[in-house]
There are 2 protein chains.
Amino acid sequence: MADIAPLDAPLDLTQDGPTLTAALVDFPSVSGTEKPLADAIEQALRLLPHLTVDRFGNNVVARTHLGRAERVVLAGHIDTVPIADNVPSRLDENGVLWGCGTCDMKSGVAVQLRIAATVPEPNRDLTFVFYDNEEVAADLNGLGKVAEAHPDWLKADFAVLLEPSDAQVEGGCQGTLRVHLRTEGERAHSARSWMGSNAIHAAAPILARLAAYEPRRPVIDGLEYHEGLNAVRIEGGVANNVIPDACTVVVNYRYAPDRSPAEAEAHVREVFADCGVAEFVIDDQSGGALPGLSHPAAAAFMKAVGGTAHPKFGWTDVARFSALGVPAVNYGPADPLYAHKRDEHVRVERISHCEARLRDWLTA
Amino acid sequence: MADIAPLDAPLDLTQDGPTLTAALVDFPSVSGTEKPLADAIEQALRLLPHLTVDRFGNNVVARTHLGRAERVVLAGHIDTVPIADNVPSRLDENGVLWGCGTCDMKSGVAVQLRIAATVPEPNRDLTFVFYDNEEVAADLNGLGKVAEAHPDWLKADFAVLLEPSDAQVEGGCQGTLRVHLRTEGERAHSARSWMGSNAIHAAAPILARLAAYEPRRPVIDGLEYHEGLNAVRIEGGVANNVIPDACTVVVNYRYAPDRSPAEAEAHVREVFADCGVAEFVIDDQSGGALPGLSHPAAAAFMKAVGGTAHPKFGWTDVARFSALGVPAVNYGPADPLYAHKRDEHVRVERISHCEARLRDWLTA
């Protein structure tokens with residue numbers, strides 16, 4: 001299928017979802033090099049008279065303006081991780097499409113584009129968001145940049161992020177807090193250790209507390225989340241003959257979305273309150289996202305796509321929508337276990353399945 | 001005093017101890033560059049008819065052969081740490097000699113040379129050892145190389161190492177054992193931590209054991225040693241979002257010389273026996289040295305030099321003599337607190353004092 005969309009051809013949105021996915025995969029867009037693909041998407045969307053199209057950097061936002069009671073977002077990133085000798089795409093005899101981005105997430109982008117092209121009069125106003133730099137540092141993320149510069153473009157009642165979720169709904173996401181816990185001591189030669197005080201030994205209560213910690217598993221909107229409090233790094237020591245005067249334990253708290261970032265921080269401070277921590281430094285803090293499955297648009301969505309919703313444990317861009325007051329879920333055709341892998345792939349029938357379920361929801 | 005011993009002059013052993021110390025300091029011999037000084041020492045010793053002189057590399061050994069009942073060694077290293085803008089030497093108005101090596105240990109080497117030159121008929125046979133590369137990696141150490149190649153040159157009943165000890169006798173030395181204790185786990189994404197097993201948390205019992213450890217303080221030959229069991233390094237972690245599968249605690253056990261290396265290892269294994277250690281790797285093991293103060297030569301030495309013997313906590317080259325079956329003590333003029341420092345110095349009256357005390361012992 002590598003000959004379907006040469007780089008100089010316009011993007012043809014009349015192709016079926018699997019064929020369009022292959023065309024997108026054959027149009028490389030590793031993070032930082034998205035401009036040609038953003039241009040092609042903008043060009044194709046501007047040919048659709050029912051949409052207004054806005055652009056900010058390499059981010060493209062297209063909207064209907066039908067005055068519907070609700071507005072929903074369909075969002076996806078157009079960048080991929082670096083190509084690993086897996087482009088152009090290849091469709092095998094079992095209906096599996098292989099190649100960089102097939103899973104994460106050009107199959108989802110293809111579904112967005114197909115809905116944009118084929119549902120001119122949806123029952124809810126639609127906002128399509130195509131953004132760049134999702135696979136790299138958070139401060140480069142195109143969705144974040146649009147949210148900051150043009151929050152009005154993202155106003156909506158509900159959002160669907162077409163990240164790979166194996167065609168199942170994954171609701172909200174957990175927050176993540178990273179803290180550096182530092183203990184202090186006093187240096188001395190290790191042959192006269194009693195002249196000093198050992199900062200690594202001082203970290204013993206912190207590790208004991210972590211080892212004994214029982215994480216919460218709260219149920220929110222019917223989804224059971226699963227928290228975790230873990231040391232992800234530890235570092236201490238000066239030299240092999242010196243009693244160390246400092247030790248740092250880096251702790252990552254993954255928290256369910258019923259806790260705010262401030263509550264998460266307060267909880268971690270309380271857990272380690274009596275553990276002799278000399279310094280408590282927050283290194284990273286990203287709030288979670290409530291699944292919002294009780295919202296009418298979400299309930300209708302769940303009914304249309306069927307199946308059972310699952311909680312999302314990892315942090316995803318749904319949290320950016322949540323921060324804007326827009327409940328959001330992940331729903332995309334590919335199996336997320338194959339994201340970022342050399343053998344990345346998607347079953348093409350899943351692409352058609354997701355497209356059909358979304359069309360049902362938006363035209364019922 | 002910088003003009004006393006230009007590099008092309010022979011070493012004059014008729015100078016007094018402080019003047020000779022200054023001459024040695026003004027004759028730089030940073031580790032690895034000892035040859036000219038070894039040549040000068042060899043040349044000066046060969047002028048003394050009561051000594052036979054042997055050389056191996058840049059190590060010089062000179063001996064009397066008077067058929068005395070006992071033989072004692074006076075040993076010192078001739079190298080220094082790198083010069084830190086503190087050469088040539090400078091004698092101040094308070095009788096303090098400043099400069100690289102004044103403390104560690106050219107003042108001790110001057111005392112050795114003065115005894116060699118001025119005690120032609122000692123009451124005990126004497127072996128003078130001048131060796132290189134003490135301040136660098138153990139496998140370069142000149143005393144170790146002589147011990148390996150010519151152990152017969154070092155045969156003796158007792159040895160005095162003229163390392164800085166503030167003109168007090170420091171007996172024997174403690175041993176040192178370094179062990180890497182490794183814990184294991186299973187990697188997982190930190191958002192789904194229950195899928196893995198945290199190796200840093202698994203190190204909690206090790207740190208708890210270290211924090212609670214009560215070191216021994218055994219009395220040997222009247223000297224109270226003081227052991228220590230300490231983490232000197234800790235390291236674990238893969239990435240900020242990964243449950244770590246390995247953590248290493250580097251532990252240093254400083255043990256009194258009544259324990260053999262094998263006993264020290266057995267003790268450490270026992271301490272951590274039930275702490276979930278997956279791997280126990282010995283990184284460094286150097287046995288201690290018994291003070292040997294009950295030996296007749298040592299008792300006479302203690303009587304001659306006066307004062308109270310102290311235990312040596314750090315590992316020193318006395319252990320190399322101990323390994324050869326020769327009890328050994330440290331006894332040198334300078335205060336060891338100033339070794340390796342830019343403001344390294346020695347009080348000149350201490351140089352004369354040590355020389356006089358050794359002469360008393362060897363001529364009584």
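To find a chain, count down the sequence lines: A is the first, B the second, and so on, and within it residues start at 1.
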Inset, instruction - Go through B:A239, B:G314, B:G228, B:A199 and name the one with the most non-hydrogen pairs under 4.5 angstrom from chain A. - result: B:A239
Got a sec: does the [atom1] of [X] have more than 12 other heavy atoms crowding it under 6.0 Å?
X      : atom1 : value
A:R269 : CZ    : yes
A:F280 : CZ    : yes
B:R342 : CZ    : no

Inset, instruction - Could you tell me which portion of B:A203 (side chain, backbone, both or neither) has an atom closer than 4.5 angstrom to a non-hydrogen atom of chain A? - result: both
Legend entry - Toward chain A, the part of B:V238 with a non-hydrogen atom under 4.5 Å: backbone
What part of [X] gets closer than 4.5 Å to chain B, counting heavy atoms only: side chain, backbone, both or neither?
X      : answer
A:S190 : both
A:R254 : side chain
A:C173 : neither
A:V250 : side chain
A:N252 : side chain
A:H189 : side chain
A:D284 : neither
A:L229 : backbone

Can you measure from [atom1] ([X]) to [atom2] ([Y]) and round to the nearest 0.5 angstrom?
X      : Y      : atom1 : atom2 : value
A:N241 : B:N230 : CG    : CG    : 12.0 Å
A:H226 : B:S193 : NE2   : OG    : 6.0 Å
A:I200 : B:L210 : CD1   : CG    : 9.0 Å
A:L207 : B:N198 : CG    : CG    : 9.0 Å

Inset, instruction - Look at A:H201, A:R178, A:K312 and state which one has the largest set of heavy-atom pairs under 4.5 Å with chain B. - result: A:H201
Legend entry - Contact leader toward chain B among A:A211, A:A212, A:P215, A:P205, where contacts are heavy-atom pairs under 4.5 Å: A:A211
Inset, instruction - May I have the step-by-step check of side-chain contact (heavy atoms from CB on, under 4.5 Å) for B:I234 and A:E235, ending in yes or no? - result: CA-CA 5 Å; B:I234 189 167; A:E235 197 176 351; 5.9 Å; no
Inset, instruction - Could you check whether the rings of A:W194 and B:F313 sit parallel, tilted or perpendicular, using 30° and 60° as the cut-offs? - result: perpendicular
Legend entry - Contact summary for A:P244 and B:A231, nearest pair of heavy atoms: CD-O, 3.4 Å
Inset, instruction - Please name the pair of heavy atoms, one in A:A208 and one in B:A204, separated by the smallest distance, quoted to 0.1 Å. - result: N-CB, 3.8 Å
